[in-house]
Amino acid sequence: GENVEQHPSTLSVQEGDSAVIKCTYSDSASNYFPWYKQELGKRPQLIIDIRSNVGEKKDQRIAVTLNKTAKHFSLHITETQPEDSAVYFCAASILTGGGNKLTFGTGTQLKVEL
Amino acid sequence: NAGVTQTPKFQVLKTGQSMTLQCAQDMNHEYMSWYRQDPGMGLRLIHYSVGAGITDQGEVPNGYNVSRSTTEDFPLRLLSAAPSQTSVYFCASMDSSYEQYFGPGTRLTVT
């Protein structure tokens with residue numbers, strides 16, 4: 001099955017700096033790569049996703065890049081703010097008519113310091 | 001819309017007890033799934049359903065049963081609780097663009 005590795009496990013940045021979280025996946029058939037943000041005690045919430053026919057996607061301060069050849073994808077957060085502090089999870093799946101079975105990375109605890 | 005709802009929010013069980021975690025969604029989504037979240041391990045798929053009457057196993061199905069009699073409801077049953085099932089359980093449903101919406105979670109402790 002799919003295996004997703006995520007690094008780093010913790011990341012501390014100064015407010016206004018950029019943060020980068022990296023993930024690798026093992027199954028070359030995977031074609032959907034979402035990123036979730038989870039605040040303490042809350043549910044995971046989708047912040048951005050990318051499909052395998054696209055190399056990069058941006059949404060305001062957040063961007064995701066995908067390298068299918070190397071089987072890795074990254075989350076970039078620019079101009080970080082204290083409210084960006086949370087745990088971020090990457091995931092991968094093969095989208096089929098039958099659904100979306102996500103395999104998650106182990107998470108990155110991001111701390112944005114004032 | 002209430003979205004995805006889960007009950008209970010917290011539960012403590014003794015080893016060997018059984019219970020059902022409830023999940024419901026009011027978005028008419030066909031695809032629903034259950035994940036468990038353990039510290040340092042991310043979320044892992046337990047079971048999923050592509051529609052009423054159809055269920056299948058995910059990555060960690062042992063010790064859990066599911067059924068899907070309606071589009072709205074997808075309960076997760078623990079047959080005989082074990083301490084290894086102490087975890088936070090999230091139910092999710094998926095829309096037509098493949099985005100998954102998670103419920104608020106159930107925190108389960110098995111002693």
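Every chain is numbered from 1, with letters handed out A, B, ... down the list of sequences.
Contacts between B/F90 and chain A at a heavy-atom distance below 4.5 Å involve the side chain alone, from C-beta outward. Neither the backbone nor the side chain of A/T108 comes within contact range of chain B; no heavy atoms are under 4.5 Å apart. Within the 4.5 angstrom heavy-atom criterion, atoms from both the backbone and the side chain of A/N100 approach chain B. Neither the backbone nor the side chain of A/P34 has a heavy atom closer than 4.5 Å to any heavy atom of chain B. In this structure, the portion of B/Y48 lying under 4.5 Å from any heavy atom of chain A is its side chain and not its backbone. Only the side chain of B/Y35 comes within contact range of chain A, with at least one heavy atom under 4.5 Å from a heavy atom of that chain. Within the 4.5 angstrom heavy-atom criterion, only backbone atoms of B/M41 (N, CA, C, O) approach chain A. Residue contact with chain A, scored on non-hydrogen atoms closer than 4.5 Å, involves the backbone of B/V4 exclusively. With a 4.5 angstrom heavy-atom cutoff, A/Q38 touches chain B only via side-chain atoms. Looking at B/Q37, the atoms closer than 4.5 Å to chain A (heavy atoms on both sides) all sit in the side chain, from C-beta outward.
Between A/L75 and A/V20 the shortest side-chain heavy-atom distance does not fall below 4.5 Å. Between A/I21 and A/C90 the shortest side-chain heavy-atom distance does not fall below 4.5 Å. By the 4.5 Å heavy-atom criterion applied to side chains, A/V112 and A/D17 are not counted as neighbours.
A donor-acceptor pair shorter than 3.5 Å cannot be found between the side chains of B/S93 and B/Q100. Under the 3.5 Å distance criterion, with hydrogens and angles disregarded, no donor-acceptor pair is assigned to the side chains of A/N3 and A/Y25.
Taking chain B as the reference chain and counting heavy-atom pairs below 4.5 Å, the highest number among A/L95, A/V87, A/L46 is found for A/L95. Each of B/G105, B/A92, B/P104 has some count of heavy-atom pairs under 4.5 Å with chain A, and the biggest count is that of B/P104.
With respect to A/K101 and B/D56, no salt bridge is recorded, no charged nitrogen being found less than 4.0 Å from a carboxylate O. A salt bridge is absent between A/K71 and A/D27; no separation between the charged side-chain nitrogens and carboxylate oxygens falls under 4.0 Å. Taking the charged nitrogens against the carboxylate oxygens, B/R36 and B/D38 do have a contact shorter than 4.0 Å, which makes a salt bridge.
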